[in-house]
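Single-structure report; data block below.
In what follows, chains carry the letters A, B, and so on, assigned in the order in which the sequence lines appear, proteins first and then strands, with residues in each chain numbered from 1.
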2 protein chains.
Amino acid sequence: MFNKVLVSDDLGSINQGVLTVLESMRAKTVQQVQYCDDAYLKIKKGYLDQTPYDLLITDLSFVKDYREQNFRSGEELVIALKQEYPELKIIIYSVEDRLQKVRLLMNDHKANAYVCKGRRGLIELGKAIEAVHNEDIFVSPQVAAALSKKTSLEIDDFDINLLKLLSNGLSQDEISVSLKNNNISPSSLSSIEKKLNKLRIQFKANNAIHLVAIVKDLGLI
Amino acid sequence: MFNKVLVSDDLGSINQGVLTVLESMRAKTVQQVQYCDDAYLKIKKGYLDQTPYDLLITDLSFVKDYREQNFRSGEELVIALKQEYPELKIIIYSVEDRLQKVRLLMNDHKANAYVCKGRRGLIELGKAIEAVHNEDIFVSPQVAAALSKKTSLEIDDFDINLLKLLSNGLSQDEISVSLKNNNISPSSLSSIEKKLNKLRIQFKANNAIHLVAIVKDLGLI
DNA sequence: TATAACCTTACGGGAAACCATAATTACAAA
DNA sequence: TTTGTAATTATGGTTTCCCGTAAGGTTATA
């Protein structure tokens, strides 16, 4: 497991949970900071002292206070660190769940994992640490769509609407009526069948139940 | 406040936070162990010496190491202790947030409080200690649904398993086969239909799709 | 032992979903 | 206008789900 880990987050209490996960995974030494600049300096010093950190877990947003900072966000920190030390593993741990942001950090800034804070955040953080340790990448399911462009890009508002109606307990017949009432086209039973069939294939679902379960896990509805 | 408290958790650092909370609440003597077996022996010894502990705060998961253990989880420890010493107060302090687990420990095993580790874990732990000291129970807000919902009280592991299989895309026929293969009874198609019908009524679901969507939202699966 | 209450399983009819194919419509390019 | 393509709708057949009824089995209690 990782030898030297740095946790960067401006809220002390959140750190506590992250530290818990790290210790349960037997990380050797774990340190934490509450400012991006501190994170940068600690990592730089680690390299100079020949005892580099091999993992950074950082938040994205840091509230400003009296201390003047060079790095105003986790994103700037990631950019600078990945430029100087490309081999340093970085896991983003943030409430931010916009796909655009995730895509930017993973694809352009080469972060190694992106975990959304939330009810399952710590569990996913564990998986992320595991994955990154195995030279793999990880992103939370709810924002996984950000990387697999093909699937998510083909899904439009109509599909989402369809899935929502379906998950609300309407039969395909009732969905047809509902769409007709709202003057949404296409609305025929046959078209609805076709769309749902396409979605089932896209998400590798066995049936409509499975489909709804999958898209719910992905946070699409 | 409590006189004699035992904290059981395999991660030293978490203990530190718990001890801090206990101190701030003026608990007299606080001791800690990192193995379930040690916790059991200490509590047993306390009773034999006429100086019994009056509160146990324990984790659920303990990673295995070289030491052979009789109790492999906090759950087993709780069951044993509550059987022998029903009056001993027990607070669960765990990352586990599945409602099913919470329900089992609170309702069946008669734990006195359930606190989820996490960002507000220590704060809630304080509240839990307070509540238990007043002969009350406590569960973290995020899992409070486990106790409050009348409907979910009647839902057992079989039902959860059924819903999981259903959400994994298995047809009722396939579920029947799966249960037979695992020697789980009942397993007939007819019984599965009946159980699912009952669940649909309980959760006011129109059909199986709706049912899965609802229980997913509730966090039951 | 008898009885009642409940659980499990079996069966059948109707509804909805699933699947393939064909007919119709809409629309852009020739 | 004609033609070709794609989207939408329609149709029929098969499977699965939904729902009632009923037969056999188990358990608790008198």
Legend entry - Under-4.0 Å side-chain N/O to phosphate OP1/OP2 contact, B:Arg200 with D:dC17: no
Legend entry - Integer-rounded Å distance: D:dC19 P and B:Asn206 CG: 10 Å
Legend entry - N or O in side chain of A:Ser188 less than 4.0 angstrom from D:dT9 OP1/OP2: yes
Legend entry - Separation of atom CG in B:Leu199 from atom P in D:dC18, rounded to whole Å: 12 Å
Legend entry - Electrostatic pair B:Glu96:B:Lys117 at N-O distance under 4.0 angstrom: no
Legend entry - Atom pair distance, as rounded to whole Å: CD1 in A:Ile201 and P in C:dC19: 9 Å
Inset, instruction - Let me know the distance between CG of A:Leu211 and C1' of C:dA17, rounded to the nearest Å. - result: 13 Å
Inset, instruction - Grab the NZ-P distance between B:Lys194 and D:dC18 for me, whole Å please. - result: 14 Å
Inset, instruction - Specify whether B:Tyr40 and B:Phe71 have parallel, tilted or perpendicular ring planes, treating 30° as the upper limit for parallel and 60° as the lower limit for perpendicular. - result: tilted
Legend entry - Neighbour count >12 (heavy atoms, 6.0 Å) for atom CD, B:Glu68: no
Inset, instruction - Could you state the atom-to-atom distance from CG of B:Leu166 to P of D:dC17 in whole Å? - result: 8 Å
Inset, instruction - Give one of base, sugar-phosphate or nothing for A:Ser187, where a contact means two heavy atoms less than 4.0 Å apart. - result: sugar-phosphate
Inset, instruction - Look at all strands and tell whether B:Ser190 reaches a base, only sugar-phosphate, or nothing, counting heavy atoms closer than 4.0 Å. - result: base
Legend entry - Nucleotide D:dT16, atom P - distance to CD of B:Glu174 in whole Å: 8 Å
Legend entry - Non-hydrogen atoms of A:Asp59 and A:Phe62 that approach each other most closely: O-CE1, 3.4 Å
Inset, instruction - Using atom CD1 of A:Ile209 as one end and atom P of C:dA17 as the other, report the distance to the nearest whole Å. - result: 11 Å
Inset, instruction - Verify the contact: side-chain N or O of B:Gln172 to OP1 or OP2 of D:dT15, cut-off strictly under 4.0 Å; return yes or no. - result: no
Inset, instruction - Establish, with yes or no, whether the OP1 or OP2 oxygen of C:dT9 is under 4.0 angstrom from a side-chain nitrogen or oxygen of B:Ser191. - result: yes
Inset, instruction - Please check the phosphate of D:dC19 (OP1 and OP2 only) for any side-chain N or O of B:Asn197 closer than 4.0 Å. - result: yes
Inset, instruction - May I ask you to verify whether the side chain of A:Glu193 and the base of C:dC19 hold a donor-acceptor pair under 3.5 Å? - result: yes
Legend entry - Given C:dT9, D:dC18, C:dA17, the nucleotide with the shortest approach to the side chain of B:Ser185: C:dT9
Legend entry - Cation over ring face, A:Lys195 and A:Phe158, 6.0 Å, 45°: yes
